[in-house]
A.B. asks: 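Below are the structure tokens for one structure; questions will follow.
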Amino acid sequence: MNSTGRDIARQATIIAAAVFMLIGAAVGGGAFGGEAVAELQNGALSAQGSYLAPAGPAFAIWSVIYLGLAAYTIWQALPAQRANPRQVRTGWWIALSMVLNGLWLVAARYLTLPLTVVVIALLLIVLAVVIVRLGRRAAGWLELILLDGTMGLHFGWVTIATVANAAAWLTQSLPDDLAEQADVWGVAVLVVVTIIGALSALVTRRIAPALATAWGLAWLAVGRLTGEPHSTAIGIAGIAAAVVIVLAGIAGRARVREPAARTLEG
């Protein structure tokens, strides 16, 4: 397939979006001074900000995601990837996801908590579009890791991050007496997350999103069982949700191999 000026523009836009994302992450994360992310918005975004916030170590996954996005940005800029059909289908959406990623940290530092919820919800929608538009065939292991793997981890982590962000906002804005019902609402939300995460894994046949979501859920469980605010019910529900979603991811991935095996067998 021949490349066009639009393909070159797409590659350049992704590079610009990645630079914006990294600058936004540096500014929003306090690299140039100011509070750490966990201290922003009166501590609402910290591991203790709500009953659905993952424990601190969970956020180490951002290092993996940013590294993957940086490597993807370099790889997609290669001439050989210019007219790649999967890049054509997803490139503009990936660029938008990077912009929203950077905007979230800026919003967290300089704007309001409700706006962070809006931005991360939009990011989740955009990443869902990316996953759908990718389809199921990666042209080699490098594309599988840099494109499918990175976008899958990003989507899976943002799924649980959206839940935590929304919970942080509601914790700050709803009456204090509703905290007495936190266990019920928390478990109910995790049931919904489990259903959505499992169905997504089975339908898309991808394991990376399931692993990232399960990672966040596992650390959410650690936070509720060993830290504050404490909730045994939510902690156990988080563990169960993580297990179910991982199993669904494995089952979905197995469904990818079955057609290939049948094809080889004739």
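Being a predicted model, the structure only gives us computed values, none of them experimental.
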A.B. asks: Are the side chains of Tyr110 and Val27 in touch, meaning some heavy atoms are under 4.5 Å apart?
C.D. replies: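 They are in contact (side-chain heavy atoms under 4.5 Å apart), so the answer is yes.
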A.B. asks: Treating Thr116 as the side-chain partner and Leu113 as the backbone partner, does any N or O pair qualify as donor plus acceptor under 3.5 Å?
C.D. replies: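 A pair under 3.5 Å: yes.
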A.B. asks: Which heavy atom of Arg10 sits nearest a heavy atom of Gln81, and at what distance?
C.D. replies: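 Arg10 and Gln81 have their closest heavy atoms at NH2-O, 3.8 Å.
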A.B. asks: Any side-chain to backbone donor/acceptor pair from Gln87 onto Asn84? Under 3.5 Å, distance only.
C.D. replies: no
A.B. asks: Donor-acceptor pair, Arg109 side chain versus Leu40 backbone, under 3.5 Å?
C.D. replies: no
A.B. asks: Could you tell me if the ring centre of Phe59 sits under 6.0 Å from that of Trp157?
C.D. replies: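 Yes, they do, as the ring centres are separated by less than 6.0 Å.
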A.B. asks: Stepwise, does the side chain to side chain donor-acceptor pair (under 3.5 Å) test hold for Thr4 with Asp7?
C.D. replies: CA-CA 5 Å; Thr4 66; Asp7 294 323; 3.3 Å; yes
A.B. asks: Does Gln48 use its side chain to pair, donor to acceptor, with the backbone of Gly227 at less than 3.5 Å?
C.D. replies: no
A.B. asks: So, Trp93 side chain and Val129 main chain: donor-acceptor pair closer than 3.5 Å or not?
C.D. replies: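 Flag not set: sc Trp93 to bb Val129 has no pair under 3.5 Å.
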A.B. asks: For the OG1 atom of Thr90 and the CG atom of Leu134, what is their distance to the nearest 0.5 Å?
C.D. replies: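 The OG1 atom of Thr90 sits 5.0 Å away from the CG atom of Leu134.
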A.B. asks: Shared ILVMFWY cluster between Ile131 and Leu123, side chains joined below 4.5 angstrom?
C.D. replies: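 They do share one cluster, since a chain of ILVMFWY contacts under 4.5 Å joins Ile131 to Leu123.
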A.B. asks: Going by heavy atoms in the side chains, are Val192 and Val189 under 4.5 Å from each other?
C.D. replies: no
A.B. asks: Looking at Ile196, is its backbone amide N or carbonyl O close enough to the side chain of Ser200 to form a donor-acceptor pair, meaning the two atoms are under 3.5 Å apart?
C.D. replies: no
A.B. asks: Indicate yes or no for a side-chain donor-acceptor contact from Gln41 to the backbone of Ala108 under 3.5 Å, with no hydrogens or angles considered.
C.D. replies: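 Side chain of Gln41 to backbone of Ala108: a pair is present.
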A.B. asks: Asp148 pairs by salt bridge (charged side-chain N to carboxylate O under 4.0 Å, His left out) with which of Arg206, Arg253, Arg133, Arg205?
C.D. replies: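 The residue from Arg206, Arg253, Arg133, Arg205 that satisfies salt bridge (charged side-chain N to carboxylate O under 4.0 Å, His left out) with Asp148 turns out to be Arg206.
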A.B. asks: Hey, is the main chain of Leu147 close enough, under 3.5 Å, to the side chain of Arg86 for a donor-acceptor pair?
C.D. replies: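 Side chain of Arg86 to backbone of Leu147: no pair is present.
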A.B. asks: Can a donor-acceptor pair be found, under 3.5 Å and without considering hydrogens, that links the side chain of Ser97 to the backbone of Ile94?
C.D. replies: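 Flag set: sc Ser97 to bb Ile94 pair under 3.5 Å.
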A.B. asks: Less than 4.5 Å apart, any side-chain heavy atom of Leu100 and any of Met21?
C.D. replies: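 Side-chain contact under 4.5 Å: no.
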A.B. asks: Out of curiosity, Ile245 CD1 to Leu211 CG, how far, rounded to the nearest 0.5 Å?
C.D. replies: 10.5 Å
A.B. asks: Check the angle between the aromatic planes of Trp75 and Tyr72 and answer parallel, tilted or perpendicular using the 30° and 60° thresholds.
C.D. replies: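 Because their plane-to-plane angle lies in the 30° to 60° range, the rings of Trp75 and Tyr72 count as tilted.
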